[in-house]
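Keep in mind the model is a prediction, meaning the values are calculated, not measured.
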Amino acid sequence: MKLQDFLKKNIDIDVLGTLTEEWLIAFVGPIKLTEEGKTYFEDILENDVRIHNEYAEIETNNDHEDELASKLFRYAAGYCSCEKYDTLFE
């Protein structure tokens with residue numbers, strides 16, 4: 001499934017990227033991106049996500065995508081300023 005579809009799922013699962021093992025972040029969905037959030041994360045919204053038994057894995061192909069995916073899930077978990085959160089998420 002594509003990341004943009006994964007974000008809409010009512011799911012509580014840990015997420016990691018395929019490029020590195022540097023991050024693993026809990027995700028509680030669904031979440032909805034604002035228009036600015038869609039633009040900010042547009043480089044990864046079409047990336048594939050595979051759900052395994054205990055975690056989900058987002059396909060990241062380079063350092064830019066890996067960092068962007070990490071930011072998406074960190075920010076969605078509230079690890080950012082309130083202003084940043086309100087800009088990216090509804």
Open item on the list: Going by the rule ring pair (Phe, Tyr, Trp, His ring centres under 6.0 Å), which residues pair with Y40 if we only count those two or more places apart in sequence or in a different chain?
Closed with: none

Answer yes or no: are there more than 12 heavy-atom neighbours, outside [X] itself, under 6.0 Å from its atom [atom1]?
X	atom1	result
E90	CD	yes
K32	NZ	no
D63	CG	no

Any link between [X] and [Y] through a network of hydrophobic side chains (Ile, Leu, Val, Met, Phe, Trp, Tyr) touching at under 4.5 Å?
X	Y	result
L24	L19	no
L33	V28	no
L88	Y79	no
Y55	F6	no

Nearest non-hydrogen partners of [X] and [Y], listed with the distance:
X	Y	answer
I25	R74	CD1-CG, 3.2 Å
A26	A77	O-CB, 4.3 Å
C80	Y75	CB-CD2, 3.5 Å
E59	E65	O-OE1, 4.2 Å

Any chance you could measure [X], atom [atom1], to [Y], atom [atom2], to the nearest 0.5 Å?
X	Y	atom1	atom2	answer
D5	E46	CG	CD	8.0 Å
K71	W23	NZ	CH2	13.0 Å
D48	M1	CG	CE	10.0 Å
I13	E57	CD1	CD	11.0 Å
F73	I31	CZ	CD1	7.0 Å

Task: Member of I44, V15, I58 meeting the side-chain contact (heavy atoms from CB on, under 4.5 Å) criterion with V49 - done: I58

Task: Of T18, L16, T20, the residue whose pairing with D66 passes side-chain contact (heavy atoms from CB on, under 4.5 Å) - done: T20

Task: Side chain proximity check, T60 to L68, heavy atoms < 4.5 angstrom - done: no

Open item on the list: Quick test of your reading of the model: are E36 and K84 salt-bridged, counting only N-O distances below 4.0 Å?
Closed with: no

